[in-house]
Chemist: 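Have a look at the structure that comes next, please.
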Amino acid sequence: ALAFLARPRAARIPLKGRHVLITGGSSGIGLAMATAAAREGARVSILARNAARLEEARGAIRAATGQDVGVHAADVRDADAVAGALAEAGPVDVLVCNHGVFVPQELEKQEMEEVKWMVDINLMGTFHLVKAALPAMKERTKETRLPASIAIMSSQAGQVGVYGYTAYSASKFALRGLGEALQHEVIADNIHVSLIFPPDTETPGFAEENKRRPELTNIIAGSSGGMKADDVARKALDGIKSGKFIVPCNFEGAMLAVATAGLSPQSSPLTAFLEIIGAGIMRFAAICFQFNWFMTIENWYAKNKKHA
Ligand SMILES: NC(=O)C1=CN([C@@H]2O[C@H](COP(=O)(O)OP(=O)(O)OC[C@H]3O[C@@H](n4cnc5c(N)ncnc54)[C@H](OP(=O)(O)O)[C@@H]3O)[C@@H](O)[C@H]2O)C=CC1
Ligand SMILES: CCCCCCCCCCCCCCCC(=O)[C@@H](N)CO
C-alpha cells in the first residue's frame, strides 16, 4: 500500500553535466559539497560575500578535482544582488541554499540586531535565492526533461529547539515550512525539494561559534555525534540525488527524522514504513532525551547559583 501512496514519486536526479549552484560554497559544508559535486562532473557555481575567499575556494577545488568553478560575490540579504548573480551564473539544475550564520546565546542576552541578522541571512536569503532561480529552473526542466532540485541546509537545531538557539532554531525551523509548501508548488515542474539536517560539523564557522557557545548549548548539542564537513557533504549530495525530502546525516539524525516526520512528503515506501513503525518508540525516546536535557539545565542552574 505504501508503494502506491508514497508521494512525491521517487526521482533520480543526476549531477553529472548539470549546473549545481551552492551558496556558502567558499567554506565548510558548502565548499565540501562544491568539491564533491565537481568531482562527480557537475558544472559548479559558488556564491558567497567575500570575493577573496571565493577565489581561494576556487583554487582549492581546482587543485582537488582539476575542475574550474564559477564564483559569484553577493550577499543573500540583497535580492537584487542575488538576482544579478543568478543571471550571471545561468540556469541552475540543482540549487543548494547552504549559506548560513549562527551565533548562540540566551535570547535575554542576545541583541535584537543579531537575531534579525540570523533570520535575514538564513531565512530571507533563501527566499531571495529561490525567487531568483525558479523561473529559469522551470524552463530548464522542460527543456532537459530531467528532474531538478532545490536543496536547503537546515540543521538538527531546525528539528528540535536547543538552549541558546532561539534565533538560530527559529530561522532553521522556518526553512522547513518554506520547503514543505514549496514542494507542493514545484512538483508539477519536476523539481524536488530536499531539506538537510546536519549535527555539529567541523567547519570554520563552527570553530567561530565555539568561541561564544554557552556550556548548556554545548552539552545538549553534544547529544548528537559531530561530523566532518566531507561526510555531511556526501550525505547531502546522496539525499539530493535520490530526491529525498528529509535528509538526515548521522544515526541520531535518522532517529530525529522519524520523531519529527510530521506531515512531510515521503517518496520512499521503506522509510514511510519505518516512520509508521517507529513513531511511538521514537516519541518515547524523545521524552527520555528531553528528561535528560531538562535535568542537565536544572543541575547547571542550581550549581551556578551556588557559585554566584
Ligand atoms: N557547522 C555546523 O555545525 C552546522 C552547520 N549547519 C548549517 O550548514 C551551513 C553551512 O555551515 P558551515 O559550513 O559551518 O558555515 P561556514 O561559516 O564555514 O560557511 C558559511 C558560508 O556561508 C557564506 N555566507 C554567510 N553569510 C552569507 C551571506 N549573507 N550571503 C552570502 N553568503 C553568505 C560564507 O561566505 P561569506 O562569509 O564570504 O559570505 C561561507 O561561504 C549553514 O547554513 C549552517 O547553519 C547546520 C548544522 C551544523
Ligand atoms: C528521538 C530521538 C532523538 C535523537 C537525538 C537528538 C539529538 C539532538 C541534538 C541537537 C543538535 C543540534 C546541533 C545544531 C548544530 C548547528 O546547527 C550548529 N553547529 C550551528 O551550525
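Computed from a predicted structure; not experimentally measured. Indexing begins at 1, ligand by ligand and atom by atom, following the structure's order. These numbers come from the heavy atoms of this one structure, side chains and all, not from hydrogens, waters or symmetry mates.
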Chemist: What protein heavy atom sits nearest atom 37 (O) of ligand 1, and how far off is it?
Modeler: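 Protein heavy atom at minimum distance: Arg49 NH2, 2.8 Å.
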Chemist: Begin from the C-alpha positions of Glu56 and Arg53 and carry the test salt bridge (Lys or Arg N to Asp or Glu O under 4.0 Å) through to its verdict.
Modeler: CA-CA 5 Å; Glu56 220 175 281; Arg53 282 225 290 172; over 6 Å; no
Chemist: Check for a donor-acceptor pair, side chain of Asp189 on one end and backbone N or O of Ile191 on the other, with a separation under 3.5 Å.
Modeler: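 Between the backbone of Ile191 and the side chain of Asp189 there is no qualifying donor-acceptor contact (under 3.5 Å).
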Chemist: Quick one: does Leu178's side chain get under 4.5 Å of Leu123's, heavy atoms only?
Modeler: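 Yes - at least one pair of side-chain heavy atoms lies under 4.5 Å apart.
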Chemist: Give me the residue, atom name and distance of the protein heavy atom closest to atom 14 (O) of ligand 1.
Modeler: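 Looking only at protein heavy atoms, the one closest to atom 14 (O) of ligand 1 is Thr203 OG1, 2.5 Å.
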Chemist: Which ligand 1 atoms are under 4.0 Å away from a heavy-atom of Ala74?
Modeler: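 Atoms satisfying the 4.0 Å criterion: 30 (N), 31 (C).
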Chemist: For Lys116, check side chain to side chain donor-acceptor pair (under 3.5 Å) against everything at least two apart and list the hits.
Modeler: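 Expected list: none.
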Chemist: Salt-bridged, Glu40 to Arg234, with N to O below 4.0 Å?
Modeler: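 Yes, charged N to carboxylate O under 4.0 Å.
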Chemist: Quick check: Gly24 and ligand 1, any N/O pair under 3.5 Å apart?
Modeler: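 Checking ligand 1 against Gly24, an N or O pair does fall under 3.5 Å apart.
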Chemist: Do ligand 1 and Gly205 have nitrogen or oxygen atoms that lie under 3.5 Å from each other?
Modeler: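 In this structure, Gly205 places an N or O atom under 3.5 Å from an N or O of ligand 1.
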Chemist: Do we see a donor-acceptor contact under 3.5 Å between the side chains of Asp93 and Ser149?
Modeler: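 No - no donor-acceptor pair under 3.5 Å links their side chains.
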Chemist: Among side-chain atoms of Gln67 and Arg62, is any donor-acceptor pair under 3.5 angstrom?
Modeler: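 No, no side-chain donor-acceptor contact under 3.5 Å.
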Chemist: May I ask you to identify the nearest protein heavy atom to atom 35 (O) of ligand 1, giving residue, atom name and distance to one decimal place in Å?
Modeler: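 Ranking protein heavy atoms by distance from atom 35 (O) of ligand 1, first comes Ala48 CB, 3.4 Å.
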Chemist: Could you list each N/O atom of ligand 2 together with any protein N/O atom closer than 3.5 Å, one pair per line with the distance?
Modeler:
from	atom 1	to	atom 2	distance (Å)
ligand 2	17 (O)	Ser155	OG	2.6
ligand 2	17 (O)	Tyr168	OH	2.8
ligand 2	19 (N)	Asp200	OD1	2.8
ligand 2	19 (N)	Glu209	OE1	3.0
ligand 2	21 (O)	Tyr168	OH	3.3

Chemist: Below 4.5 Å, heavy atoms only, C-beta onward: do Ser264 and Glu180 meet side chain to side chain?
Modeler: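 Yes - at least one pair of side-chain heavy atoms lies under 4.5 Å apart.
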Chemist: So, is Ile29 polar-close to ligand 1, with some N/O to N/O distance under 3.5 Å?
Modeler: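 Between Ile29 and ligand 1 (N or O atoms, distance only) the closest approach is under 3.5 Å.
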Chemist: Is there a polar contact between ligand 1 and Asp75, counting only N or O atoms under 3.5 Å apart?
Modeler: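 Indeed, backbone or side chain, Asp75 has an N or O that close.
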Chemist: Distance under 4.0 Å to a non-hydrogen atom of Pro199: what atoms of ligand 1 satisfy this?
Modeler: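 So the answer, numbered in order with elements, is 3 (O), 47 (C), 48 (C).
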Chemist: With heavy atoms of Ile121 as the reference, note each atom of ligand 1 found under 4.0 Å away.
Modeler: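 Within the 4.0 Å cut-off of Ile121, ligand 1 contributes 26 (N), 29 (N).
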Chemist: Please verify whether a non-hydrogen atom of Glu208 lies at under 4.0 Å from ligand 1.
Modeler: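 Judged by the 4.0 Å heavy-atom criterion, Glu208 does not count as contacting ligand 1.
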Chemist: Below 4.0 angstrom from a heavy atom of Ser154, which ligand 1 atoms are there? Numbered from 1 as shown, please.
Modeler: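 So the atoms of ligand 1 that pass are 7 (C), 46 (C).
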Chemist: Just going by heavy-atom distances, which of Arg53, Met33, Glu209, His99 is nearest to atom 34 (C) of ligand 1?
Modeler: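 Going through Arg53, Met33, Glu209, His99 one by one, Arg53 has the nearest heavy atom to atom 34 (C) of ligand 1.
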Chemist: What do you reckon, does Tyr168 have a nitrogen or oxygen under 3.5 Å from a nitrogen or oxygen of ligand 1?
Modeler: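 It does: an N or O of Tyr168 is found under 3.5 Å from an N or O of ligand 1.
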Chemist: Indicate yes or no for a side-chain donor-acceptor contact from Thr23 to the backbone of His99 under 3.5 Å, with no hydrogens or angles considered.
Modeler: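 Side chain of Thr23 to backbone of His99: a pair is present.
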Chemist: Tell me the protein heavy atom at minimum distance from atom 38 (O) of ligand 1, and give that distance in Å.
Modeler: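 Scanning the protein heavy atoms, the shortest distance from atom 38 (O) of ligand 1 goes to Asn50 N, 2.9 Å.
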Chemist: Could you check atom 1 (N) of ligand 1 against the protein and tell me its nearest heavy-atom contact, residue, atom and distance included?
Modeler: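 I find the closest protein heavy atom is Thr201 O, 3.1 Å.
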Chemist: Write out the residue and atom name of the closest protein heavy atom to atom 16 (P) of ligand 1, then the distance separating them to 0.1 Å.
Modeler: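 Result: Ser27 OG, 3.5 Å.
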Chemist: Please tell me whether Asp200 and Gln156 have a donor and an acceptor in their side chains that are separated by less than 3.5 angstrom.
Modeler: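 No.
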Chemist: Of the protein's non-hydrogen atoms, which lies at the shortest distance from atom 47 (C) of ligand 1, and what is that distance?
Modeler: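 Looking only at protein heavy atoms, the one closest to atom 47 (C) of ligand 1 is Pro198 O, 3.4 Å.
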Chemist: Would you check whether Val76 has a nitrogen or oxygen atom less than 3.5 angstrom from a nitrogen or oxygen atom of ligand 1?
Modeler: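 The answer is yes, given that Val76 and ligand 1 share an N or O pair closer than 3.5 Å.
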Chemist: Does this structure show an ion pair linking Asp230 with Lys235, if we count only N-O contacts that are shorter than 4.0 Å?
Modeler: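 No, this pair does not count.
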Chemist: How would you list all residue pairs meeting ring-ring contact (aromatic ring centres under 6.0 Å, His included) that involve residues 182-229, not counting sequence neighbours?
Modeler: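 Those involving residues 182-229 do not exist here.
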Chemist: Below 4.0 Å from any atom of ligand 1, is there a heavy atom belonging to Pro204?
Modeler: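 Distance cut 4.0 Å: Pro204 passes for ligand 1.
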Chemist: Among the clusters formed by ILVMFWY side chains lying less than 4.5 Å apart, do Val232 and Val160 turn up in the same one?
Modeler: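 No, no single cluster joins them.
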Chemist: Would you say Ser155 and ligand 1 have an N/O pair spaced under 3.5 Å apart?
Modeler: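 No; the residue has no nitrogen or oxygen that sits under 3.5 Å from a nitrogen or oxygen of the ligand.
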Chemist: Passes salt bridge (Lys or Arg N to Asp or Glu O under 4.0 Å), Glu143 versus Arg140? Steps please.
Modeler: CA-CA 5 Å; Glu143 262 167 45; Arg140 181 105 156 169; 5.5 Å; no
Chemist: Look at Glu106 together with Lys109 and state whether they make a salt bridge at an N to O cut-off of under 4.0 Å.
Modeler: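 Yes.
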Chemist: Less than 4.0 angstrom from a charged side-chain N to a carboxylate O is my criterion; do Glu209 and Arg212 meet it?
Modeler: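 Not counted as a salt bridge, because no side-chain N and carboxylate O are separated by less than 4.0 Å.
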Chemist: Identify, for atom 42 (C) of ligand 1, the protein heavy atom at the shortest distance, and state residue, atom and that distance.
Modeler: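 Heavy-atom neighbour on the protein nearest atom 42 (C) of ligand 1: Asn98 O, 3.2 Å.
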Chemist: Applying ring-ring contact (aromatic ring centres under 6.0 Å, His included), can you list everything that pairs with Phe102, at least two apart in sequence or on another chain?
Modeler: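 Once residues adjacent in sequence are excluded, the partners of Phe102 under the ring-ring contact (aromatic ring centres under 6.0 Å, His included) criterion are Tyr168.
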Chemist: Closer than 4.0 Å to some heavy atom of Gly100 - which atoms of ligand 1 meet that?
Modeler: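 What qualifies from ligand 1 is 20 (C), 22 (O), 42 (C), 43 (O).
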Chemist: Just to verify, which of Val96, Val247, Val193, Ile150 counts as forming a side chain to side chain contact (heavy atoms under 4.5 Å, CB included) with Ile240?
Modeler: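 Going through the options one by one, the only one that passes is Val96.
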Chemist: Please state which option from Phe102, Trp117, Phe197 has its nearest heavy atom closest to atom 44 (C) of ligand 1.
Modeler: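 Answer by nearest heavy atom: Phe102.
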Chemist: Show me which atoms of ligand 1 lie under 4.0 Å from any heavy atom of Gly28.
Modeler: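 Numbered from 1, ligand 1 contributes 13 (O), 18 (O).
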